[in-house]
Protein chains: 2
Amino acid sequence: MDGERARDVTIYDVARAAGVAASTVSRTFSRPGRVNAATAERVRQVADTLGYRTNPLARALSTARTHMLAVLVSDIGNPVYGEMVRGVQSVATQAGYTVLLADSQESDRTERAALERALPSVDGIVLAGSRMSDAAIRVIAKQKPVVVLGRAVVDVPSVVPDNARGAREVAAHLAGLGHSALTYVAGPAASWADGVRWRALLEAAEELQLRLRRTGPSSPDVAGGVRAAAELLAQPTSAVVAYNDQLAIGVVRGLRGRGVRVPADVSVVGFDNVGAAELVTPGLTTVAAPLQAGGAAATRALLAMVQGAPGSTGAPVVLPVRLVVRGSTAQRSRKSTSPASRTTTVSASAAQASTSTDAGSR
Amino acid sequence: MDGERARDVTIYDVARAAGVAASTVSRTFSRPGRVNAATAERVRQVADTLGYRTNPLARALSTARTHMLAVLVSDIGNPVYGEMVRGVQSVATQAGYTVLLADSQESDRTERAALERALPSVDGIVLAGSRMSDAAIRVIAKQKPVVVLGRAVVDVPSVVPDNARGAREVAAHLAGLGHSALTYVAGPAASWADGVRWRALLEAAEELQLRLRRTGPSSPDVAGGVRAAAELLAQPTSAVVAYNDQLAIGVVRGLRGRGVRVPADVSVVGFDNVGAAELVTPGLTTVAAPLQAGGAAATRALLAMVQGAPGSTGAPVVLPVRLVVRGSTAQRSRKSTSPASRTTTVSASAAQASTSTDAGSR
DNA sequence: ATGAAAGCGCTAACAC
DNA sequence: GTGTTAGCGCTTTCAT
């Protein structure tokens, strides 16, 4: 590739060629104004022709500021995290920071290792979908500025979607459609969001006089949903709320596969509003969280801390959510809620579409 | 956050405490074996109790090896890139490298800027979905090890899916179903993959005696597909091949929205096998590329170059693809290929499912 | 406004 | 095997 170890063009090279001291060159780039306009111009000129690029690592060594931020996700292949990272990226880049990505691949050990490696090179960390315990996170937060995204950790600045409000809106929506009993299909047992959603649903159900059942935990993917659908048949309901969209989509599949019509027989709601939610048939009613905005907000908070702000350790920043109504929810049918005969062909109330309050999902 | 500028625990601190020279400490960590086992043990011990962590930036400054790799993507929110990045991540991490993410946000200027900033901090770069011209890429490849992913650039090591073979398989599949004329819905005009797919389709069509039309270019998203569907109606075909899955899904939507049945009236095929492909109704027949494997392969090649390998500037590495047959393609109906009456309700041949050759898509 | 010199934390020669 | 001594490229006092 490179012929012979091409040494960088250094500040000294520029200094010599411009007939000034190294410190002057340094000032020209980091502290303009503290240097004579004419000199600065000349230096810049020379630097340009010499092809000088300031070396961020050397700068970091001497300033103890790397201008890098780490974002830790549990699975970058998951579009939910992709969106968050995108938000982080844009804010970081704008502020002159570089983003270092650490993917824990859903494993605790990998996560720790990734963190260990990234830590000394960054000025701060965004933890999105961490597997670590609250305590472990607090320990890290003591060493470096940390902002947690998508989960509230006491004593650590956090940014979370308004899950509670989302759950309440879902309950109200379903109640408005005449449903009187809901079933919640829980996600991973350890999930913070799952807990919040369930509890909010519980409160809302009480307020609205709805009966509420819970099933699960399930792995938060389509397969998990299909399995959950089987259980659902044992104790039929007219409305199910799933921990997330993947699970909800699986539930719809499982239900339909067994001859239950959605939404005619059962309404289904998810959380997240992933891209697929509007592509499936029927479109999935879901609670949309501002993923990208969340990443951006977390990063702004992080940068503030990096630049010396106290780090608001009070209540977490709560991001507004939005109920996106699509075809998977409908008026409760007056018919019994028991599964239709399995011989019935899956008739198409398919012609669902666009009543959707939906906006730009991608 | 931190009370008072906590200076790092340095190699000197450890050296003093262990009663050895700094270089010995250094060796203990970077070149074990070159140091007395007993001494090494003691050093490690001391380092541990002191909480010493070697500073990668300082190390980089002195060795000119940062142990960081940059991966440039055009949109990290796009699951296709997410998968690739995941592949990059795992290989890089395994090899002790850290990944620096640069998202060009589909903009040339952002891409250049991101690259400029990342370049001096990394040992090599994976370019996934770059907007830059081949020439520009070659320039960069002269300065730093570069591997291009998903596109072949002459004189620069590249890793690409076997688009040509994919296109041929699609043509054969469709021909096998009795289709005699295909329409290709092109993606972005500037896309390298689009060109390859089109040309391969052209050859295959000739071989198989199929008529082939082309429409587009279209923006490679669902909306673009819906628009393309309108054009399609003007000159009906029984089979359409779209540049990618999003576009294909859009086409299916557009077609169905206008009363054309898929696959009964028209078969539709996409490329990529994104997650949504198996979730839509009917499931989308598509060409699956090993995204993650691609990221991994590119990274392995990059690491080899970083470690001094020549950088195979010959033919690109070609990754095998796989045709995933789902419900969106079917035997050509003997009926005319003209669109069904628009008044016809969208009847459900919906009961598609699982004939699919599909395996693990996520 | 500019220059000189010391040092960030680590590694790489080169002695011993 | 281990210690000594220079730097890597940049910023930062402290002088001037």
Side-chain angles (χ1 to χ4, degrees), chain A residues 2 4-44 46-47 50-68 96 117 119-123, chain B residues 2 4-44 46-47 50-68 96 117 119-123:
Chain A
D2 5 47
E4 55 278 345
R5 280 301 301 97
R7 275 255 291 71
D8 281 2
V9 176
T10 83
I11 243 183
Y12 291 107
D13 300 328
V14 177
R16 191 170 320 119
V20 298
S23 52
T24 299
V25 177
S26 174
R27 287 179 191 117
T28 304
F29 292 113
S30 43
R31 217 161 309 251
R34 282 209 191 299
V35 60
N36 186 340
T39 325
E41 184 46 41
R42 183 156 39 95
V43 169
R44 245 184 280 276
V46 173
L50 253 51
Y52 167 77
R53 327 249 49 177
T54 137
N55 177 334
L57 271 52
R59 188 211 292 271
L61 188 57
S62 118
T63 59
R65 291 235 156 299
T66 66
H67 285 256
M68 297 204 240
R117 181 164 309 132
L119 244 157
S121 311
V122 301
D123 292 339
Chain B
D2 7 44
E4 54 275 348
R5 279 303 297 96
R7 274 256 289 70
D8 281 2
V9 177
T10 83
I11 241 182
Y12 292 105
D13 301 327
V14 177
R16 192 171 319 122
V20 297
S23 53
T24 298
V25 178
S26 173
R27 287 180 191 116
T28 305
F29 293 113
S30 41
R31 218 162 311 253
R34 282 209 191 299
V35 61
N36 186 339
T39 327
E41 185 46 41
R42 183 157 39 94
V43 168
R44 245 185 280 278
V46 173
L50 254 50
Y52 168 77
R53 328 250 47 179
T54 137
N55 179 334
L57 271 50
R59 187 209 292 270
L61 189 57
S62 124
T63 59
R65 291 237 157 295
T66 66
H67 285 255
M68 297 203 238
R117 182 164 309 133
L119 244 156
S121 312
V122 301
D123 292 340

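Within every chain, numbering begins at 1; the chains are lettered A, B, ... in the order of the sequence lines, protein sequences first and strands thereafter.
Between D:dT11 and A:Arg65, no contact under 4.0 Å exists linking OP1 or OP2 to a side-chain N or O. For D:dT2, one of the phosphate oxygens OP1 or OP2 lies less than 4.0 angstrom from a side-chain nitrogen or oxygen of B:Thr39. A sub-4.0 Å separation between OP1 or OP2 of C:dA1 and a side-chain N or O of A:Thr24 is absent. A close approach under 4.0 Å does occur between a side-chain nitrogen or oxygen of A:Ser26 and OP1 or OP2 of D:dT11. When the side-chain nitrogen and oxygen atoms of A:Arg59 are compared with OP1 and OP2 of D:dT11, one or more of them lie within a distance under 4.0 Å.
Taking both residues in full, the closest heavy atoms of B:Leu57 and A:Ser121 are given as CD1-OG, 3.5 Å, listed atom of the first, atom of the second, then distance.
Sequence order on DNA chain D of the closest nucleotides to A:Leu57 and B:Ala37 puts B:Ala37 first from the 5' end. Nearer to the 5' terminus of DNA chain C, by closest-nucleotide assignment, is the contact made by A:Ala21 (compared with the other of A:Ala21 and B:Ala22). DNA chain D is contacted by both B:Ala58 and B:Gly33; B:Gly33 maps to the nucleotide lying nearer its 5′ end (nearest heavy atom per residue).
Using a 4.5 Å heavy-atom threshold, the side chains of A:Leu119 and B:Arg53 count as separate.
Of the possible polar contacts, none joining the A:Thr66 side chain to the A:Ala60 backbone as a donor-acceptor pair under 3.5 Å is found. Without hydrogens or angle criteria, A:Ser26 side chain to A:Ala22 main chain gives no donor-acceptor distance under 3.5 Å.
Atom CD1 of A:Ile11 and atom P of C:dA5 are 17 Å apart (whole Å). Taking atom CZ on A:Arg34 and atom P on C:dG3, their separation rounds to 16 Å, with Å as the unit. Atom P of nucleotide D:dG1 and atom CD of B:Glu41 are separated by 17 Å, given to the nearest angstrom. The CZ atom of A:Phe29 sits 10 Å away from the P atom of D:dT11 (whole-angstrom rounding). Atom-to-atom, CG of A:Leu61 to P of C:dC10 comes out at 9 Å; the value is rounded to the nearest Å. If you measure from atom CG of A:Asn36 to atom C1' of C:dA1, you get 7 Å, rounded to the nearest angstrom. Atoms CG (B:Asp8) and C1' (C:dC8) sit 10 Å apart, rounded to a whole Å. The OH-P distance, from A:Tyr12 to D:dT12, rounds to 14 Å in whole Å.
Checked against B:Arg44 for a side-chain contact (heavy atoms from CB on, under 4.5 Å), the options B:Val14, B:Thr28, B:Val25 give a single hit: B:Thr28.
Using a 4.0 Å heavy-atom distance criterion, A:Val20 is classed as a sugar-phosphate-only contact.
With C:dT2, C:dC10, C:dA12 as the candidates, the nucleotide lying closest to the side chain of B:Arg31 is C:dA12. When distances are taken from the side chain of B:Ser62 to each of C:dG9, D:dC10, D:dT2, the shortest belongs to C:dG9.
For the atom pair OG1 (A:Thr24) and CG (A:Asn36), the distance works out to 10.0 Å, reported to the nearest 0.5 Å.
Judged by distance alone with a 3.5 Å cut-off, a donor-acceptor contact links the side chain of B:Arg27 to the base of D:dG3. Between the side chain of A:Ser23 and the base of C:dA4, at least one donor-acceptor pair of N or O atoms lies under 3.5 Å.
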